[in-house]
Amino acid sequence: MQTFEVFGCFLRHFSPRNNKLPGDIRNVVEKYSDKGKMSVGNLQDFLTHVQGQADADAQAIFDKAKHHNLLHHTGLHLLQFLYSDLNHPLCAVLDDMKSPLSHYYIYTSHNTYLTGNQFTSNSSVRPIIKALQKGVRVIELDLWPNSTNTDINVCHGRTLTSSVKLRKCLQVIKDHAFQASEYPVVITFEDHLNKKLRSKVALMVKHIFEDKLIQPKKDYKPTKLPSPAELKGKIVISTKPPNESLESETMDDKRIVNNIRFPIFDCLKRKDGSDEDNKDQEEDMEGEVPEYRHLIAIHAVKHKGDMVNSLHVDPNNVTRLSLSEQELVQACEEYGQDIVRFTQRNILRVYPKGTRLDSSNYNPFHGWKHGAQMVAFNMQGYGKNLWLMQGMFRANNGCGYVKKPKFLCEGDLTIPPTKVQKILKVKVYMGEGWHLEFHHTHFDYCSPPDFYVKVGIAGYGDDKTANAYRTKYIEDDWWPVWDQEFEFPIRVPELALLRIEVEDIDTTKKNEFGGQTCLPVSELRTGIRCVPLYNVKGEKYKFVKLLMRFEFANP
């Protein structure tokens, strides 16, 4: 068989590398450069007339180009500039961040400490660090007593997951909280502790975070949520007050796992090698023990019983309500407007159903379109839904907070947005970088890949593209040129994500993945832009990029 495949390579036609530029790009080269090299004046004209950046400082870009090795003694290489990070596709404008927390979507993780699946994987501080470095602003920690009932572990209770000490988790949150964003980090506790251990948690939290910790009685009145700007550089604790029901999501997980006949182990019976085996003693913490309840800045409640009661809006109090993805979908059918009204003032957190033992994720738009701020995701659960989450939080300069559409923050809830606001025109010109990122046999043992691009919209209501548009596929070419344009009517730009995926077509088996990205439509820059692609985990490729054009037209 191998001999036949090798022999077939000699028979198959190979297309030569296509150096022909799309017409638009060729015209730009001819009009705004001298044999492909731009002066400062050329660049200023190009930015003004093609890119829609009349106020851009061409000289400043030239100075930056020196550090990117794009500037030659004869000028700035136009094509190299177009494919560079200096020509990125998104605006860098930041919201003023002065609205209440309830008016923002917040980048939220689920079981942040897990390295893999929800049942047998290890717990570690590494996923917490990674999440914070990517701009995640809500970290979830499940708190359980250790085997001697003298200390606190973090683990997914009643499963085979290992544990990690709470102190280590809190310390890495302190160390990495504000590397990617200066806006507040919310820590949600799922509390399975007794009164004595809660006191230890309170002392630990106060000792580690010191003046970064928000204390409601001292810093603000919890009758109204503060803004991200007011909480800049602060740590916010959110959990159920001790006198309320301590039943948590993990109880749902236990029932579900029992139903599928898996053995159940308490968190105390951990896998070997957990942090409990570490004999290093915790350093003693001295000082007055603060009241556990006084450190809770956002009080949490879990839906139990009547949905109307759970969604009651108290004008003198704010809460955080948690619903599973199934509970949300069911509630939206009958109580959709009540959910939106609740989220205008309070926080709604949505978490994955317990059967997602593989750490997969659900469609985040179920929560977003009803105003849910904390759509909690398994950050290690790679897939298309996580790509949407990553795309949403590329907006607002990647700070982890994205302003909700105005109609979800205020206004008449009985009138959903149906009028087309913008028409987005997307032109896919060409791509490069796969030959540097992948081995030459990665896509096809005998020839270069046959790439095509899928383009669509994920968004509110009718904005969603039922079936993504596809370019033609370019046969046997590491440098494909498609030069095709598509149009998308957009009703709610703030909730629209442009989905882009490249695949290598294969007639005998599943198409090969060649890269993806999701871009917030409301922050797209017009003109010819370099669009970097990401792998299935959401990690940016070093070399793989598309050259595309974005334009907006009135309906």
Could you tabulate the donor-acceptor pairs under 3.5 Å formed by side-chain atoms of residues 546-555, not counting sequence neighbours?
| from | atom 1 | to | atom 2 | distance (Å) |
| --- | --- | --- | --- | --- |
| Arg549 | NE | Glu551 | OE2 | 3.0 |

Please list all pairs meeting salt bridge (charged side-chain N to carboxylate O under 4.0 Å, His left out) that have one or both residues in residues 93-102, counting only residues at least two apart or in different chains. none
Got a sec, which residues hit side chain to side chain contact (heavy atoms under 4.5 Å, CB included) with His435, two or more places apart in sequence or on another chain? Trp478, Trp479
With sequence neighbours excluded, give me every side-chain hydrogen bond (donor to acceptor under 3.5 Å, both in side chains) pair touching residues 55-67. Gln59-Asp63
Contacts of type side chain to side chain contact (heavy atoms under 4.5 Å, CB included), residue Asp504, not counting sequence neighbours: Phe443, Pro449, Asp450, Phe451, Glu512
Name all pairs fulfilling the side-chain hydrogen bond (donor to acceptor under 3.5 Å, both in side chains) condition that reach into residues 125-139, sequence neighbours left out, sorted by first residue then second. none
Quick one: does Tyr104's side chain get under 4.5 Å of Ser99's, heavy atoms only? yes
Under the salt bridge (Lys or Arg N to Asp or Glu O under 4.0 Å) test, which residues partner Asp483, sequence neighbours left out? Lys427
Just jot down the side chain to side chain donor-acceptor pair (under 3.5 Å) partners of Asp463, sequence neighbours excluded, or say none. Arg491
Surrounding NZ of Lys174 (heavy atoms of other residues, nucleotides or ligands, distance under 6.0 Å), is the total greater than 12? yes
Listed pairs under 3.5 Å, donor-acceptor, residues 526-534 side chains, sequence neighbours left out:
| from | atom 1 | to | atom 2 | distance (Å) |
| --- | --- | --- | --- | --- |
| Thr526 | OG1 | Gln51 | O | 3.4 |
| Arg529 | NE | Thr526 | O | 3.0 |
| Arg529 | NH1 | Gln53 | OE1 | 3.1 |
| Arg529 | NH1 | Asn87 | OD1 | 3.0 |
| Arg529 | NH2 | Gln51 | O | 3.3 |
| Arg529 | NH2 | Gln53 | OE1 | 2.8 |
| Arg529 | NH2 | Thr526 | O | 2.9 |

When Thr188, Asn361, Asn378 are each screened for side chain to side chain donor-acceptor pair (under 3.5 Å) with His110, the one that passes is Asn378
Any chance you could lay out the side chain to side chain contact (heavy atoms under 4.5 Å, CB included) test for Ile173 and Ile139, step after step, and finish with the verdict? CA-CA 9 Å; Ile173 291 173; Ile139 303 296; 4.0 Å; yes
Applying salt bridge (charged side-chain N to carboxylate O under 4.0 Å, His left out), which residue pairs with at least one partner in residues 388-404 are found, sequence neighbours left out? none
Partners of Cys399 by side chain to side chain contact (heavy atoms under 4.5 Å, CB included), sequence neighbours excluded? Leu94, Met97, Ser181, Tyr183, Asn396, Tyr401
Taking salt bridge (Lys or Arg N to Asp or Glu O under 4.0 Å) as the test, write out the residues that go with Glu485, two or more places apart. none
